[in-house]
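One structure is given below, encoded as structure tokens.
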Amino acid sequence: MVEHSGGDGDDVNWNTDDDEHEIDNFQFSPSSSPVQFMSETSYGPAETTSPNFIQKGISDEVVASFIEMGFSSEMIARAIEETGGGSSEPRMILETLFNYSASTEASSSKAKVIDHFIGMGFPEENVIKAIQEYGDENIDEITNALLTYAEVDRLGETNDVNINTNDDDDNLYSLSSDDDEDELNNSSQEDSILQALIKMDYSREEAAIAIERCGEDASVEEVVDFICAAQMARQFDEFFAEPDRKEPMNNSKKRRTYNEPQRRERKPNAAMASDQLIYLPKEMIGFGVPNRPGLMMNRPVPVPDIACGPPFFYYENVAMAPKGVWATISSHLYDIVPEFVDSKHFCAAARKRGYIHNLPIHNRFQIQPPPHNTIQEALPLTKRWWPSWDGRTKLNCLLTCIASAKLTNRIREALEKYDGEPPLHVQKQVMYQCKKWNLVWVGKNKLAPLEPDEMEKLLGFPRDHTRGGGISRTDRYKSLGNSFQVDTVAYHLSVLKPLFPNGIRVLSLFTGIGGGEVALHRLQIRMNVVVSVEISEANRNILRSFWEQTNQKGILREFKDVEKLDDHTIEQLMDEYGGFDLVIGGSPCNNLAGGNRHSRVGLEGAHSSLFFDYCRILDTVSRKTRQMRR
DNA sequence: GCAAAAATGAAGCATGGC
DNA sequence: GCCATGCTTCATTTTTGC
């Protein structure tokens, strides 16, 4: 309890009728080409030195997106020509670009291959020897040969076995130890890769994690690429690491920054076990928000090659999760830096969320019309009753439950004691409850929680999106409180519009009431296929109703449980529909949310641990997509 | 028995005084 | 720089009413 000095003894008890206490606390580029990051204005000079795409009938946005994905202007121009010039579809161009990428890799010059393996730590003479034997295109054979050479060298140094070199053939090494030979032959591919990586001076732990993440079919090269990408991404942590970890200081007393949390004694938390922490930015504008061009920025760390789309993916969860959670989430999503955004920059309600995705971030645009920016604009009927001493223009986060009627009634009774403005201490107490429960003024001295349709409006959904079909009022609040803010998500997804003018295939996990689908619809991106996974029958009904009411021509296929969506089923779906272009979803926040008083235990919680199914499914889709591309 | 309403703090960051 | 305090938070459990 926090005491509030009423002074005149007329404090209001908002919680219980007879309680003597005071108020309750009134209380992703192709691997062969570098990623280019260009500011919005930097596209200008690029055009002057590049082929004239406009004449080719391709929009600036599409070209900019390709450039941002790391393709050169020349490569893009060639792809456009090959796919039909001005009439070509961005998606076809994109496929062609990826084919170039693969082709480029396969036809690399000998010098490039030599550099590549030397860069991996192999001796130059061994690299040249392997290329002479296997040619410069057979990367796997070269890799295996180099690993064999390395193993022989190592054994030679330790004199554990006798090495017989055939003087007549310098290219051949043979092991005289039958036992060792058998051991090598019998080891599984995974073990072989693990051993190879360890020989390359990667730690066993690092190698094991990379193998697990790349899948059992991955080659040594793919795993090494993955590790290198992860190492690059980790550089970002320099910006977010605690200063005392980043740069040990002798002086224990140092200035505290905005992002450095205060040190307090608190009980251990599983979510805090992570060594690496990602701190939230003071102002959550992500990589940019509309109408604030000065704040537009690039990703602090490029999306690693292994994570570049297709498929594109988009993951969301609450920003203010327990310590260490976002570092863990990021580490499971290719070490991509989260984009923290508060939806108050898009609408009249706050919604602090973290997003991890591999989408381009330039040339985003807002869906039209833009939402109202203040409470009073969004809810005009409240203007008449809004007292001057309530200075709110934005609502707090829209939650899953609302204030009780008893509370609003007690506030009314308290305010009716005064003819004019209530005293400051009453104002303060009323304001606390207003902010806590997102109450709005609906009459003289009358406060009320938001109606479901008002929440729909604020969150960017069509009116009555969640109404009817047997869903209770309570469940409407719950579903809306758990949903995306459509305008925010649409802003991020808008970059897909020029890339998929003929429609998109979506795998929607934890669909909820279809925030992602509504965003794509409002962006006028045709949904050719939506495979939706949602546990709640009420929410599935809402999505199906939306699908029918908006006359969607595509296929909507529904599943209930992400845990039961196994790899075989995913691959079957991808074979059936030709793959997925976008994997979107926000896993349950129940065990992360600040409002959870009982089981805020982090990602290991019963609900929030479903995040790992998101990762599993995304890995399967990515692996299958690579196979299909090949 | 079921659905809806009501009651239930604490984690974690920001801010300001000293 | 330390500390107290303010503020916000995609929730869960218990109680109530039909």
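The basis for the numbers below is simple: all heavy atoms, side chains too, and nothing from hydrogens, waters or symmetry mates. Below, read A as the first sequence line, B as the second, and so on, with proteins coming before strands; counting in each chain starts at 1.
When the C1' atom of dC10(C) is taken as reference, atom CD of E316(A) falls 7 Å away, rounded to whole Å. In this structure, CG of N539(A) is placed 18 Å from P of dC10(C), rounded to the nearest angstrom. L395(A) has its CG atom 16 Å from the C1' atom of dC7(C), to the nearest Å. Following rounding to the nearest Å, R351(A) (CZ) and dT9(C) (P) show an atom-to-atom distance of 10 Å. Rounded to a whole Å, the NZ atom of K323(A) is 10 Å from the C1' atom of dC13(B). The nearest whole Å value for the distance from the CG atom in L509(A) to the P atom in dC10(C) is 21 Å. For the pair K436(A) NZ and dA7(B) P, the interatomic distance rounds to 11 Å; values are reported in whole Å. Rounded to whole Å, the distance from NZ on K406(A) to C1' on dA5(B) is 9 Å.
If you check every strand for non-hydrogen atoms under 4.0 Å, G586(A) touches a base. Using a 4.0 Å heavy-atom cutoff across all strands shown, K435(A) reaches sugar-phosphate atoms only and no base atom. Among the atoms of the strands shown, none is found under 4.0 Å from any heavy atom of A403(A). If you check every strand for non-hydrogen atoms under 4.0 Å, S587(A) touches a base. Residue C397(A) is in sugar-phosphate contact alone, with no base atom involved, counting any heavy-atom pair closer than 4.0 Å across all strands shown.
Ring-plane geometry between F500(A) and F312(A) is classed as perpendicular, the angle between the planes exceeding 60 degrees on a 0 to 90 degree scale with a lower cut at 30. Ring geometry, Y315(A) versus W326(A): the interplanar angle exceeds 60°, so the pair is classed perpendicular (tilted spans 30 to 60°).
Base pairing analysis places dC10(C) opposite nothing; no Watson-Crick or G-U wobble pair with both distances below 3.5 Å involves it. Across the strands present, dC3(C) finds its partner in dG16(B); the criterion is a Watson-Crick or G-U wobble pair with both atom distances under 3.5 angstrom.
Each of R364(A), K352(A), R299(A), R353(A) was checked for a salt bridge (charged side-chain N to carboxylate O under 4.0 Å, His left out) with E339(A), and the lone residue meeting it is R364(A).
With C1' as the reference atom, dC7(C) and dG9(B) are 14 Å apart, rounded to whole Å.
For S404(A), taking side-chain heavy atoms from C-beta onward, the closest of the listed nucleotides dT8(B), dG12(B), dA6(B) is dA6(B). Proximity note for N590(A) (side chain, C-beta onward) versus dT9(C), dT12(C), dT8(C): the nearest is dT12(C). Comparing dG12(B), dC10(C), dA6(B) by their nearest atom to the side chain of N482(A) picks out dC10(C).
Taking the charged nitrogens against the carboxylate oxygens, D475(A) and K478(A) have no contact shorter than 4.0 Å, which rules out a salt bridge. The existence of a salt bridge linking R544(A) and E537(A) is excluded, since no basic side-chain nitrogen approaches an acidic carboxylate oxygen closer than 4.0 Å.
Between K352(A) and dT9(C) there is a side-chain polar atom (N or O) within less than 4.0 angstrom of OP1 or OP2. For K282(A) and dT15(B), the shortest distance from a side-chain N or O to OP1 or OP2 is below 4.0 Å. Under 4.0 angstrom from either OP1 or OP2 of dT9(C) there lies no side-chain N or O belonging to N596(A). The side chain of S472(A) places no N or O atom within less than 4.0 Å of a non-bridging phosphate oxygen (OP1 or OP2) of dA3(B). R353(A) has a side-chain polar atom (N or O) that falls below the 4.0 Å cut-off from OP1 or OP2 of dC10(C).
Residue K344(A) comes nearest to N373(A) through the heavy atom pair O-OD1, 4.4 Å, listed as atom of the first residue, atom of the second, then distance.
Two residues, D475(A) and H598(A), neighbour DNA chain B, and the one matched to the more 5' nucleotide by heavy-atom proximity is D475(A). Checking A321(A) against T474(A), the closest nucleotide of DNA chain B that is more toward the 5' end is the one next to T474(A).
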